[in-house]
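On a predicted model such as this, the values are computed, not experimentally measured, just so you know. Residue numbers start from 1 in every chain, and the chains themselves are labelled A, B, ... in the order their sequence lines are given, proteins ahead of strands.
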Amino acid sequence: MDWVSDSDGGDEVDWESDGEGEEGQAPPIRDVPSSSEAGSSKKDSEGGASKSRSNSNLTAHFVAMGFSEKMVAKAIKGNGEGDSEAILELLLTYGAIDKSPSQEEGSPAGCSSPSDDDNWDEDDNSDLDDFEDKDFVEELAEKDKKLLTLVEMGFTTKEAASAIERCGQDAPVSELADSIYAAQTAETDSIYAASWSAQDEPFCRFTSFSRDNKRRKFMEDSNNKRRRYIDQKNRNKNVSHNDDDMIALPNPMIGFGLPTNSMMHVVNRRLPEAAIGPPYFYYENVALAPKGVWATISRFLYDIEPEFVDSKYFCAAARKRGYIHNLPIENRFPLLPMPPKTIHEAFPLTKKWWPSWDHRTQFNCLQTCIASAKLTERIRRALIESGDLPSPRVQQYVLNECRKWNLVWVGLNKVAPLEPDEIEYLLGFPRNHTRGISRTERYRSLGNSFQVDTVAYHLSVLKDMFPNGLTVLSLFSGIGGAEVALHRLGVHMKTVVSVEISEINRNVLRSWWEQTNQTGKLIEFVDVQQVNSDRLEQLISTFGGFDLVIGGSPCNNLAGSNRHSRDGLEGEQSALFYHYFRILDLVKCIMGKN
DNA sequence: CAGACTATGAAGAGCATC
DNA sequence: GATGCTCTTCATAGTCTG
């Protein structure tokens with residue numbers, strides 16, 4: 001039995017042959033549905049011809065969450081169908097207003113129930129006088145009726161729509177249902193993971209995580225939305241003003257304490273009941289995400305307060321990141337030796353050429369791209385033309401560019417971007433960790449990775465807790481920042497199930513795994529959408545559960561550097577966060593069941 | 001065609017000042 | 001608290017090149 005993916009075969013997961021019919025199948029490289037696909041919750045603006053369809057799909061989407069059709073119709077009417085998030089907010093508001101116990105209990109499937117509608121009618125039906133469910137359903141196209149039927153059967157809108165896409169509109173519902181069951185990849189729900197509860201139901205209905213509970217959680221979330229993170233504010237008086245839906249970033253951004261002052265920085269944190277493991281989990285993303293993103297992430301991840309840390313306290317480069325985890329925070333210890341925290345200590349050779357007017361001691365965030373040669377040439381010319389002491393204007397120009405692009409002084413009037421191996425060093429990876437792939441890819445992969453020392457400090461508490469090693473589910477593994485951190489801590493990894501979309505990154509991780517003579521098993525998956533309940537149950541039954549679920553989901557749509565598609569958590573890549581939650585929640589369900 | 005190269009701001013935190 | 005300024009930001013799209 002070969003648990004490890006075949007490097008030649010590339011993307012396939014050489015999972016034990018189990019007759020699932022996936023062998024030899026092309027890997028499902030991230031398959032993001034188009035905005036016109038039914039059930040898509042992305043903001044889109046379709047033409048008039050498809051308006052009815054998208055309207056009904058949107059309706060079905062929210063009905064699948066457990067709201068009544070009339071409520072949904074009213075919410076859509078009030079908001080238009082373009083902004084599904086606003087519609088959800090309105091629905092949650094309706095839900096908060098309507099506190100009928102019967103509705104709280106809901107129907108078994110979590111779908112709309114007569115009581116829902118009755119209560120709703122009593123509350124407010126002024127805008128719905130001309131609206132009846134019967135009429136509404138009759139207006140649906142045949143395809144939409146099937147879609148609704150499938151949704152009522154417990155599938156997500158997206159699954160249903162995809163099945164119709166695959167099998168055709170004429171396919172009977174039974175065939176469509178079979179098709180969904182057969183599909184091994186989960187579809188992305190880009191806004192709220194509640195719709196996943198339907199697909200998870202085969203497991204979760206045996207637990208407390210029923211769809212109805214999900215819906216109740218949404219209601220509770222809505223009511224709790226105004227809650228602020230008072231503790232964090234109290235700890236750090238100098239925090240910025242925060243809105244209702246915002247989590248304040250601490251200043252200084254030192255999380256629950258640093259290696260150097262952990263004794264001085266005593267933090268009492270009490271984890272919510274639902275957050276307590278097993279498994280332990282650790283989630284990471286950019287701290288400076290658009291407003292409200294971290295509040296949403298925190299709500300999904302069991303209302304755990306994020307730990308915001310700037311890696312400039314661990315190395316010579318800033319890296320402001322938020323971490324949500326359920327790890328203990330006492331008795332942490334850092335990796336040794338502690339890396340240098342200034343540019344000159346990290347790269348002494350640059351000191352010779354460093355002008356006195358460049359007062360930088362640390363780098364800004366190491367990103368995925370570097371400055372162009374034209375820019376460094378423009379800087380060189382500007383400096384040459386201005387003689388020994390550049391004018392304040394030139395200095396300002398040069399400093400701005402140096403800060404923006406993390407340039408270092410490598411000669412007289414000569415600046416240059418950091419080399420990939422220098423970035424590896426700053427991020428705590430072994431030298432040549434990414435060597436062998438293209439230079440551009442090295443920058444990209446490194447720019448997207450953990451700062452190892454920072455993460456290792458947080459994970460260090462696992463060492464004493466798991467003296468015999470642990471089993472890790474590593475989501476969005478990238479070049480293996482989590483694995484490197486554990487390895488450098490001396491934590492044995494009995495098994496790592498790694499999920500990473502990029503073949504280049506998988507190769508980097510696999511190569512490192514082999515080179516470091518790991519005695520554990522590395523099992524690779526390509527796409528988080530492959531990781532469904534069947535797979536997880538197999539893995540958990542084989543390895544006895546996961547001790548740690550770790551990963552940082554894509555930040556593309558959250559990062560400030562993104563000029564084009566900083567769409568927040570709904571963005572094409574960043575919405576994969578919901579897969580992190582989905583998978584983590586599934587693991588908790590399955591392990592809780594066992 | 002892969003890889004290298006280049007141009008492309010807005011959002012929002014932090015700070016000083018009033 | 002309001003205002004204005006400075007500074008920072010795990011990037012994307014298009015083009016060029018060998």
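- One finds a salt bridge joining A/Glu377 and A/Arg381 here, because a Lys/Arg side-chain nitrogen approaches an Asp/Glu carboxylate oxygen to under 4.0 Å.
- Within the 4.0 angstrom heavy-atom criterion, only backbone atoms of the sugar-phosphate kind lie near A/Arg378; the bases stay farther away.
- The A/Trp405 side chain lies nearest to B/dT8 when the options are B/dT8, C/dC10, C/dT12.
- The side chain of A/Thr440 contributes an N or O atom lying less than 4.0 Å from OP1 or OP2 of B/dA4.
- Taking only side-chain atoms of A/Gln396, from C-beta outward, the nucleotide of B/dG9, C/dC10, C/dC7 with the closest atom is C/dC7.
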Could you give the side-chain donor-acceptor pairs of residues 364-371 of chain A under 3.5 Å, partners two or more places apart or in another chain?
residue, atom, partner, partner atom, Å
A/Asn364, ND2, A/Arg403, O, 3.0
A/Gln367, OE1, A/Ser561, OG, 2.4

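- One can place CZ of A/Arg319 at 10 Å from P of C/dT9, the figure rounded to the nearest angstrom.
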How does DNA chain B read in dot-bracket, base by base from 5' to 3', with Watson-Crick or G-U pairs under 3.5 Å and | used when the partner is on another strand? ||||||||.|||||||||
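- A sub-4.0 Å separation between OP1 or OP2 of B/dA4 and a side-chain N or O of A/Ser438 is present.
- Across the protein-nucleic acid pair, A/Leu558 atom CG and B/dA13 atom P stand 14 Å apart, rounded to whole Å.
- Among the protein residues, A/Ser574 comes within range of no part of the nucleic acid, since none of its heavy atoms lies under 4.0 Å from any strand.
- Each of C/dA11, B/dA13, B/dC15 was ranked by its minimum atom distance to the side chain of A/Asn251; first place goes to B/dC15.
- A salt bridge between A/Glu503 and A/Arg510 is absent, with no side-chain N of the basic residue lying under 4.0 Å from a carboxylate O of the acidic one.
- When each of C/dC10, B/dA13, B/dT6 is scored by its nearest atom to the side-chain atoms of A/Met246, the top-ranked nucleotide is B/dA13.
- Using a 4.0 Å cut-off, no side-chain N or O of A/Asn285 falls inside it from OP1 or OP2 of C/dC10.
- Of the two residues contacting DNA chain C, namely A/Cys369 and A/Arg566, the nearest-nucleotide position lying further toward the 5' end is that of A/Arg566.
- Taking CD of A/Gln396 as the start and CH2 of A/Trp357 as the end, the distance is 10.0 Å to the nearest 0.5 Å.
- For A/Glu500 and A/Arg506, the salt-bridge test fails: no basic side-chain N is under 4.0 Å from an acidic carboxylate O.
- Protein atom CZ of A/Arg321 is 15 Å distant from nucleotide atom P of B/dA13, rounded to whole Å.
- Note: A/Thr434 OG1 to A/Leu446 CG = 4.5 Å, rounded to the nearest 0.5 Å.
- Where A/Arg563 and A/Ile370 each meet DNA chain B at their nearest nucleotide, the meeting point lying more 5' is that of A/Ile370.
- Of the candidate nucleotides C/dT12, C/dC10, C/dA11, C/dT12 has the atom nearest to the side chain of A/Arg444.
- One finds a side-chain N or O of A/Asn364 lying less than 4.0 angstrom from the OP1 or OP2 phosphate oxygen of C/dT9.
- Within 4.0 Å of A/Glu284, counting heavy atoms only, lies at least one base atom of the nucleic acid.
- Among the heavy atoms of the strands, none lies under 4.0 Å from A/Gln451.
- Taking for each of A/Ala289 and A/Ser372 the nucleotide of DNA chain B with the nearest heavy atom, the 5'-most of the two is the partner of A/Ser372.
- Atom P of nucleotide C/dA11 and atom CD of A/Glu572 are separated by 16 Å, given to the nearest angstrom.
- Residue A/Cys555 is in base contact, counting any heavy-atom pair closer than 4.0 Å across all strands shown.
- Contact annotation for A/Arg439: backbone-only contact, meaning every heavy-atom pair under 4.0 Å involves sugar-phosphate atoms and none involves a base.
- The A/Pro290 side chain lies nearest to B/dG12 when the options are C/dT9, B/dA13, B/dG12.
- In this structure, A/Val455 and A/Glu284 have side chains that are not in contact, with every pair of non-hydrogen atoms separated by 4.5 Å or more.
- Listed by chain and residue number, A/Asp358 satisfy the salt bridge (charged side-chain N to carboxylate O under 4.0 Å, His left out) test with A/Arg360 (two or more places apart in sequence, or in another chain).
- With a 6.0 Å cutoff to the six-membered ring centre and a 45° limit on the axis angle, A/Lys588 counts as a cation-pi contact of A/Tyr302.
- If you take atom P in B/dA7 and the same atom in C/dC10, they sit 22 Å apart, rounded to whole Å.
- Listed candidates were C/dA13, C/dC10, B/dA13. Nearest to the side chain of A/His564 is C/dA13.
- Going from atom CZ of A/Phe363 over to atom C1' of C/dT9 covers 17 Å, rounded to whole Å.
- Nucleotide B/dA13 holds its P atom 12 Å from the NZ atom of A/Lys320, rounded to whole Å.
- With respect to A/Arg435 and A/Glu424, no salt bridge is recorded, no charged nitrogen being found less than 4.0 Å from a carboxylate O.
- The phosphate of C/dC10 has neither OP1 nor OP2 within less than 4.0 Å of any side-chain N or O from A/Gln367.
- Between the OH atom of A/Tyr283 and the P atom of C/dC10 there is a distance of 13 Å, rounded to whole Å.
- Atom P of nucleotide B/dA13 and atom CH2 of A/Trp294 are separated by 14 Å, given to the nearest angstrom.
- At C/dC7, none of the side-chain N or O atoms of A/Lys404 fall inside 4.0 Å of OP1 or OP2 (strictly under the cut-off).
- A/Arg403 comes within 4.0 angstrom of sugar-phosphate atoms only, judged by non-hydrogen atoms across all strands, and of no base.
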